[in-house]
Structure formats: C-alpha cells, structure tokens
S.K.: 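One structure is given below, represented as structure tokens, and several questions about it will come after.
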Amino acid sequence: MADFAGAFASSHGPLLVREWDSVPQSEKLRLEKAFRELGRRVTAARPDVLVTVSPDHWANFSLDNYPAVCIGVGETNEGPPEPWMKAYPHRELRGHPGFAFHLLNESLQHGFEPSQSHRLKLDHGTCIPLWRMELSKMPALVPMLVNSIEPPMPSLARCLEWGKLLRKAIESFPGNLRVGILATGGLSHSIGEKTMGAIHEDFDRETIKLFASSEQSLVKYLEKELPSRGNGSEEVRNWLVAHGAAGSRGFELVDYLPVPAVIVGCGFASWR
Ligand SMILES: [Fe+2]
C-alpha cells in the first residue's frame, strides 16, 4: 500500500514569471516566501510521486479534442512549451507509469473515464509552482489535467469525488510509495474577457474560509459565485481535487495575497 504524503496547492498565473520584474518588492518577498514555504512542506512530506492537478492551457489539447480529465501515464513528460518559460531548468520530467496506470485502472473500475496520454507537455500551470518552490529533489510526476478553463467543465462535486478516488488509488497501490498531490490554479483572476485583471479578494477570502467548512457549503458557494468571479477562478476545481483526497477537512493556509501586477489572487495551502 502506498502512503498519502499530503496535498499542496498553489496559484500559477503566467505573469508570476512574465511580469515578475514589475511586482512591487514587498509582494515579491511575500510570494517568494510563500513558494519556498510550500516547497519546504512538500520536501518534508518526502513524496516519491507528486500527482500534479492542473488545467492544460492549450499546450496539449485544443477545441478539436479537449478531455475533461487526462492522466499522464508516460515514463517522461515534456517541460513547458511556452517561450517565456525557457529558463525553467527541466526539459523533461520523469513520470511514474506504475502509479499512473494503477490510478487509470482504478478510475475506470469505479465509474470515472479519464483519457490517457503517454507523453504530455507540462505547461506553466504545472511548472511555475514546481519551479518557484525550489525543490531540492524533483519527485516523479503523474500529471492529472483537469479541464478548468473551457466550459463546460467537470462539476465541483465531481472534482471532490476525483480527489476521493485518487486517495483510494493511493491506498490500494501495491507498493511502497509515498504519493503527494500538487493542485495548481486560482484563486480569482480573469483572462481574455472584459473583466481581465479583476481580482475578487472577498471571493478568495470566503473560499479559503469555506474550505474549513462542509463540502456542501463550499460547493454551494462556488457554484453560485464562480460565474461572476473571472474565468481563471474556475481553476479552484483543482484545489477541490486535493481537498477531496485529503478528507475535506480544511487546509493550512501558507499565504494569500492579491497581486495586481500579476492579476491573480495568489493562494498557497497544504493539507495533511
Ligand atoms: Fe491557469
């Protein structure tokens, strides 16, 4: 049986890299500190494998075929294709086919039908948090790409169920392995729509608070609010996967700060 090593969540807004120089110094320091603290928590959890839960920002999929959920089962995946991510030090990232195929099989046996890929490009959504956390040792990565950018998307309740399935798959894996989860995206932001640049701090703070409440309260609030809180806010789905895997008992907030220079309400958290 594998062990659940913990779950972690981080925002991944592209401007955290592209516009880093224009972030005010005090916010830079807080962001650096938050990423490093999250990295410290990941390192302390000693994961052999990290299941990375993030959307695909058109690096692998297009409107010709955009899966609701895709699991990366390959030996390796590619680093970020974005030209502005070229300084990211990993062009290839090691996968873990053993756990990935187990997760895929468990999914299909229990009423979930993800697609599979033997080689994915891991875009900024996965790689910005991995980069900024400054991990001394990179675990094997099993990418789980959840459509949280192109409607219609998996329901919020289904994302919680995915988390529970993921936890069961970890606990039924026949091997000695520590498996953690890194969920990325959110909190509020708006990309390529009329409200682009808006950060809804009130929504972000209420969402953070409700993660300590019941699943029902959290889902009810998000279902009501997400349509008016910017399209990027939909990425909170990935946090729900982590939340479900960790038993829906609330997280330890590392930090939250709205950063207008990167147009994202930046949140960082971990679950045990
Ligand atoms: Fe994103």
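FYI, the numbering just counts along the sequence from 1. Counting starts at 1 for both ligands and their atoms, following the listed order.
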S.K.: Using a strict threshold of under 4.0 Å (side-chain N to carboxylate O), is an ion pair present between Arg119 and Glu92?
M.R.: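 Yes, Glu92 and Arg119 are salt-bridged.
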S.K.: Counting heavy atoms not belonging to Glu206, are there more than 12 under 6.0 Å from its CD?
M.R.: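 It does: Glu206 CD has more than 12 such atoms within range.
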S.K.: Ignoring waters, how many N, O or S atoms from the protein are under 2.8 Å from the Fe ion (ligand 1)?
M.R.: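 Number of qualifying protein atoms: 3.
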S.K.: May I ask you to decide if the ring planes of His124 and His12 are parallel, tilted or perpendicular, using 30° and 60° as cut-offs?
M.R.: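 It falls in the perpendicular class, over 60°.
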S.K.: Please say yes or no: joined through hydrophobic side-chain contacts below 4.5 Å, possibly via intermediate residues, are Leu29 and Phe268 part of one cluster?
M.R.: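 Hydrophobic grouping puts Leu29 apart from Phe268.
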S.K.: List, by chain and then residue number, the residues other than Ile199 in its hydrophobic cluster (Ile/Leu/Val/Met/Phe/Trp/Tyr, side-chain heavy atoms under 4.5 Å); write none if there are no others.
M.R.: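 Taking Ile, Leu, Val, Met, Phe, Trp and Tyr as members, Ile199 shares its hydrophobic cluster with Leu156, Leu160, Leu187, Phe203, Ile208, Leu210, Phe211, Leu218, Val219, Tyr221, Leu222, Leu226, Val236, Trp239, Leu240, Phe251, Leu253, Tyr256, Trp271.
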S.K.: I'd like to know if Lys168 pairs up with Glu106 as an ion pair, taking the criterion as any Lys NZ or Arg NE/NH1/NH2 lying under 4.0 Å from an Asp or Glu carboxylate oxygen.
M.R.: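 A salt bridge is absent here (no side-chain N lies under 4.0 Å from a carboxylate O).
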